Amino acid sequence: MRVQSSAIASTGIAVPAPAKSFGTLQAALGVAAFSLTFPATAWGLEGFGPWSLVAVRSVLAALVAAGCLSALRVPMPNRRDRPGLAVVAVGVVVGFPLLTTLALQTSTTAHAAVVVGLLPLTTALLSALRMGTRPSRTFWTAALAGAAAVVAFTVQQSGGALTTADLYLFAALLVCAAGYTEGGRLARVMPGWQVIAWALVLCLPIGVPAAALALSYEPVHLTAHSVAGLLWVAAGSQFLGLVVWYRGMAAIGIPKASQLQLAQPLLTLVWSVLLLGEHLTVAAPLTAAAVLVCIAVTQRARG
């Protein structure tokens, strides 16, 4: 049985308004899933080393993806799509999780939110270069304003210090934006869930020996927090969140979908308070209001 694509088959076909609305909802669900990634990673680091956590989460997510592909008898991706899948694998499956996990060893989740605050703008820029998209001036003005608000808030929260963790975070920003751009492009020719599923499976031959090696060198102390954190970053962030995210990008376009991520740092801060006991300042609701306005503008701006 061949699974039919539920994503956009061609960029030249207009997407009905209900499909765009559903696409926005799916992208928003992806953002909600991603907003838990940093707190869940912090939990996972309570019981796992950084290399073990990243390798094991990749293997677990890949096994889930392989099971879905096998159960639905999904054929192998076309040869022309495999380089793009490799970019998704390097950027989203390996690069971003590894670099942010290394950063979170010494950085708070609030400081790490700088990455996702800048990610929408970086993704939109790479999309314009890679796919020839031309968003309007209104779009760019709102995107820059939203990114500036998020960056100002998160840098203020962290005291504005630049550390080794910042280098990890900025590198993670670039590789993730590349993975999102290629994933959004591929989701126009295959279902979004297959994009991330094949990218995960592509990493499995490397992930299994990497997990075995890391676990042999890094001590493991299983706790409720560490297990819950591992399961979430593997199933929620690494697979399910990316499934709805890529489907959403295919429906509404990469630039507009990426701007929904402007809300992600603020959601992460909320989870950090509830799950990690971090404290927020009065700047949080003011920044949230500014970000929501920027998101509304970008969603209405014509490309």
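Bear in mind that the values here come from a model prediction, so they are computed numbers and not experimental data. Reckoned from all heavy atoms, side chains included, excluding hydrogens, waters and symmetry mates.
There is no path of hydrophobic side-chain contacts, each under 4.5 Å, that joins Leu204 to Val74. Linking ILVMFWY residues whenever their side-chain heavy atoms come closer than 4.5 Å, directly or via other members, places Leu240 and Val64 in the same cluster.
Within 6.0 Å of CD1 on Ile206 lie no more than 12 heavy atoms contributed by other residues, nucleotides or ligands. Enclosure of atom CZ in Phe34 by more than 12 non-hydrogen atoms of other residues, nucleotides or ligands within 6.0 angstrom is indicated.
Evaluation of the ring-ring contact (aromatic ring centres under 6.0 Å, His included) test over residues 45-99, restricted to residues two or more places apart or in two chains, returns none.
Ile252 approaches Ala27 most closely through the heavy-atom pair CD1-CB, 4.4 Å. For the pair Gly95 and Val175, the tightest heavy-atom approach, listed with the atom from each and the gap, is C-CG2, 4.0 Å. Across all their heavy atoms, Val88 and Gly179 have their closest contact at CG2-O, 3.6 Å. Between Ala172 and Leu99, the shortest heavy-atom contact is N-CD1, 3.5 Å. In terms of heavy-atom proximity, Pro97 sits nearest to Arg57 at CB-NH1, 3.5 Å. Heavy atoms only, all atoms of each residue included: Ala32 and Leu267 are closest at CA-CD1, 4.5 Å.
The side-chain hydrogen bond (donor to acceptor under 3.5 Å, both in side chains) check on Thr287 picks up nothing, with sequence neighbours excluded. Scored by the ring pair (Phe, Tyr, Trp, His ring centres under 6.0 Å) test, Tyr180 finds Trp245 as partners (sequence neighbours excluded). Scanning for side-chain hydrogen bond (donor to acceptor under 3.5 Å, both in side chains) contacts around Ser237 gives Thr37, Trp232, with sequence neighbours left out. Listed by chain and residue number, nothing satisfies the side-chain hydrogen bond (donor to acceptor under 3.5 Å, both in side chains) test with Gln105 (two or more places apart in sequence, or in another chain).
Judged by distance alone, with hydrogens and angles left aside, the side-chain atoms of Gln238 form no donor-acceptor pair with the main-chain N or O of Ala61 at under 3.5 Å. Between the side chain of Arg247 and the main chain of Trp193, no donor-acceptor pair closer than 3.5 Å is present.
Atoms CG and CZ, on Leu104 and Phe38 in that order, are 6.0 Å from each other to the nearest 0.5 Å. Atom CG of residue Leu276 and atom NE2 of residue His225 lie 8.5 Å apart, to the nearest 0.5 angstrom.
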Atom pairs and distances, donor-acceptor, side-chain atoms in residues 113-126, under 3.5 Å, two or more places apart:
| from | atom 1 | to | atom 2 | distance (Å) |
| --- | --- | --- | --- | --- |
| Thr122 | OG1 | Leu118 | O | 3.0 |
| Thr123 | OG1 | Leu119 | O | 2.8 |

Checklist entry - Between Val201 and Leu69, does a side chain to side chain contact (heavy atoms under 4.5 Å, CB included) hold up when you go through it step by step? => result CA-CA 10 Å; Val201 171; Leu69 291 169; 3.9 Å; yes
